[in-house]
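Take a look at the structure set out below.
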Amino acid sequence: CGHFLPGRHRRFFLPLRFSTQASATMVKAHHHESSAGQRPRNVGIKAMEIYFPQTYVSQKDLEVFDGVSEGKYTIGLAQENMAVCSELEDINSMCMTAIQLLMDKYNLLPKDIGRIEVGTETIVDKSKAVKTALMQLFGENPDIEGVDSKNACYGGTAAVLNSQAWVESSAWDGRYAIALAGDIAVYEKGNARPTGGAGIVAMLIGPDAPLVFEPVRATHMEDVWDFYKPVLDSEYPTVDGHLSNICYQRSLDNCYVRYAERTERLTRKPFTVNDADYAIFHAPYNKLVQKSFGRYMWNDYLRFPKAFPDLADAFGKYQDITPDASYVDKHFLETLRKVSQPSYKRMVAPSELITKECGNSYCGSTYAGLLSLIANEADNLQNKRVLLFSYGSGSAATLFSVRATGDVASIRDHTRVKERLAARTKLTPAEFTELLAVREKTHAKLGYKPQQDKSILRKGTFYLSKIDDKGRRQYARAYSTSAATRVTATAAAPTTTAVSSVLPTVARALRRLAAL
């Protein structure tokens, strides 16, 4: 069908140098317990991996390039950099790379996997699931459940919760589930373009996990048109940013109150945000997260005003503000931010690393926050509760929690997030704009081979090699590139390469496309 890679590419699962014997033992023990008929316990996230593109653009540089005021993106959005994909990468190739990294680093075999679900809103085919493209990596094991979940930025959470449900169900056969969450977020020229990004988070779901799903969660769903993609041959969404911010906050309020009330029924004692140790949010841009965390404290104050006398001076004058007004009143929102700032630095800031550096990965955003927290606080997470809020426009939202019952340092050590971020290649805003122009022209094109120089790819990255005249996509893997040697065991400062040396074909590709 045109999707399988040429002979030598078909067998990929070769353990890399950081594979561990412990992980192989873990898989064997897992299957033994299942065969003995024991029900799975402590189901959660056993392992994580992330893939983000090798290239990025600076938000500070974009401010100058776009002619906007200094700080509009770096302070107004609270973003630092943004991951950028060339035409060589699509959602299939990125998910292939992410799942390959997970399998290699944890010494997993195709037969160990019983379910794969992909949460994404990045569509290259209106019928064929991204998950089916991943099956070319599992040739010896076609018995894998799951397809894709789609609803804006919420699909990743649907994939995670469905994977949890499968492991906990009577249908579970003792194998692992993998949930992939992520997207390529691109916008047409305008105010929304700096809120883009890209990334895929892959999570291994199973029993006896170091990050255990807690039993309480709460959901809020509505029918709204805050962000949607009605133009099916374009990657660009239609966005009502003002409405989307309102929907996000309204969903957060409803989820938090329901989560608190359900926890109270279970524990028979009051619940407040102080009963959590960390809080992670879906982050379209981090300034929205800064405004939103204070809503937890605001709802605690509304529910238990006498328990928070220290908040009375700041919140008392807003006692009668309506919910709708609270989503847009600038003075109130600034009060929330200021009052919550000390707690924010402790509970939320450690989870901002990837979202500030890579931008919005849509479905992957919440889980990039979790991986950022592990990268920063792995040695301090034992027995800590982490709240996770996931929001997808349209809209769907869920608040749930995980507790670190085991050592997560291995996740930090396998993913090496900080080192990999520091080893990326910086683009100029002009080159970033050119890359998006190429993507725009080739997104729905048939009978096309991407022209981008493959030297920009990291070693081991899958890429789109061809789209035939029937729209069938073929992929290959980069085995030797100039970018491949950039990630080392340690990296003290960001490393950059002259862009002219790694993107020599962008201008030529544009000229060829203009002639098509």
Side-chain angles (χ1 to χ4, degrees), residues 1-10 12 51-55 83-101 118 120-137 148 180 182-186 196-200 202 232-236 361-362 364 425 427 432 434-484 502-506 508-510 512-513 516:
C1 66
H3 287 276
F4 284 93
L5 306 183
R8 71 186 182 92
H9 296 305
R10 290 183 181 174
F12 292 118
Y51 173 72
F52 45 79
Q54 175 67 17
T55 49
V84 182
C85 287
S86 75
E87 63 168 346
L88 285 170
E89 298 189 87
D90 64 10
I91 188 61
N92 291 345
S93 70
M94 288 181 61
C95 285
M96 290 167 70
T97 302
I99 201 168
Q100 183 68 62
L101 288 170
V118 180
T120 186
E121 63 172 274
T122 304
I123 304 298
V124 295
D125 191 284
K126 290 182 285 185
S127 175
K128 184 175 169 59
V130 175
K131 187 279 182 84
T132 62
L134 302 180
M135 290 306 297
Q136 61 192 284
L137 306 182
D148 296 356
L180 293 105
D183 283 283
I184 300 170
V186 290
I200 306 291
L232 299 182
D233 61 352
S234 171
E235 289 189 290
Y236 299 146
S361 57
Y362 287 167
T425 301
L427 304 181
F432 159 67
E434 289 177 345
L435 286 180
L436 288 193
V438 173
R439 288 192 67 90
E440 184 175 333
K441 290 189 177 184
T442 62
H443 171 65
K445 193 169 185 59
L446 303 182
Y448 179 75
K449 291 183 179 181
Q451 304 298 310
Q452 177 63 55
D453 187 347
K454 299 172 185 62
S455 67
I456 194 61
L457 299 172
R458 296 189 196 102
K459 184 178 180 181
T461 301
F462 289 94
Y463 63 91
L464 176 66
S465 61
K466 179 183 177 181
I467 305 174
D468 71 15
D469 57 3
K470 292 185 177 181
R472 295 176 295 189
R473 293 174 176 247
Q474 298 177 19
Y475 299 89
R477 195 178 187 192
Y479 283 95
S480 178
T481 71
S482 61
V502 294
L503 294 177
T505 63
V506 174
R508 294 198 298 273
L510 282 171
R512 279 194 291 268
L513 285 167
L516 294 176

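Keep in mind it's a predicted model, so treat the numbers as computed, not measured.
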>> Distance check, rounded to the nearest 0.5 Å: E89 atom CD versus M96 atom CE?
In response: 11.5 Å
> Which atoms form the tightest heavy-atom contact between T120 and G182, and what is the distance?
Replying inline: OG1-O, 2.9 Å
> Between the side chain of T97 and the main-chain N/O of T461, is any donor-acceptor distance below 3.5 Å?
Replying inline: no
> Does L134 reach the side chain of L180, with side-chain heavy atoms less than 4.5 Å apart?
Replying inline: yes
>> Between E87 and Q451 (side chain of the first, backbone of the second, donor and acceptor by atom type, cut-off under 3.5 Å), is there such a pair?
In response: yes
>> Between R473 and K466 (side chain of the first, backbone of the second, donor and acceptor by atom type, cut-off under 3.5 Å), is there such a pair?
In response: no
> Listed by chain and number, what are the side-chain contact (heavy atoms from CB on, under 4.5 Å) partners of D233, not counting sequence neighbours?
Replying inline: V231, A444
>> Taking side-chain contact (heavy atoms from CB on, under 4.5 Å) as the definition, give me every residue that meets it alongside A83, ordered by chain and number, with sequence neighbours left out.
In response: P53, A198, C358
> When rounded to the nearest 0.5 angstrom, what distance separates CD1 in I456 from CG in L88?
Replying inline: 10.0 Å
> Atom CD of Q54 and atom OG of S86: how far apart are they, to the nearest 0.5 Å?
Replying inline: 11.5 Å
>> List the residues meeting ring-ring contact (aromatic ring centres under 6.0 Å, His included) with Y362, not counting sequence neighbours, and say none if there are none.
In response: F227
>> Hydrogens and angles aside, do Y51 and Q100 bring a side-chain donor and acceptor to less than 3.5 Å of each other?
In response: no
>> Between I91 and I200, is there a side-chain heavy-atom distance shorter than 4.5 Å?
In response: yes
> Are any side-chain N or O atoms of T442 and backbone N or O atoms of V438, one a donor and one an acceptor, separated by less than 3.5 Å?
Replying inline: yes
>> Suppose we screen for side-chain hydrogen bond (donor to acceptor under 3.5 Å, both in side chains). Which residues come up paired with S465, at least two apart in sequence or across chains?
In response: none
> Side-chain donor-acceptor pair under 3.5 Å between Y475 and Q136, yes or no?
Replying inline: no
>> What's the separation between atom CD1 in I467 and atom CG in D90, rounded to the nearest 0.5 Å?
In response: 7.5 Å
>> According to salt bridge (Lys or Arg N to Asp or Glu O under 4.0 Å), who are the partners of D183, at least two apart in sequence or on a separate chain?
In response: none
>> Nearest 0.5 angstrom please: R472 CZ to L446 CG, how far?
In response: 11.0 Å
> Where do Q452 and L435 come nearest, in terms of heavy atoms and distance?
Replying inline: OE1-CD2, 3.5 Å
>> Looking at every heavy atom in both Y236 and L436, which two are closest together, and how far apart are they?
In response: OH-O, 4.0 Å
> side-chain hydrogen bond (donor to acceptor under 3.5 Å, both in side chains) with S361: which residues, sequence neighbours excluded?
Replying inline: none
> CG/N92 to CZ/F462 distance, rounded to the nearest 0.5 angstrom?
Replying inline: 12.0 Å
> Between the main-chain N or O of L464 and the side-chain N or O of S93, is there a donor-acceptor pair closer than 3.5 Å?
Replying inline: no
>> If we ignore hydrogens and angles and just use 3.5 Å, is the side chain of D148 paired with the main-chain N or O of K131 as donor and acceptor?
In response: yes
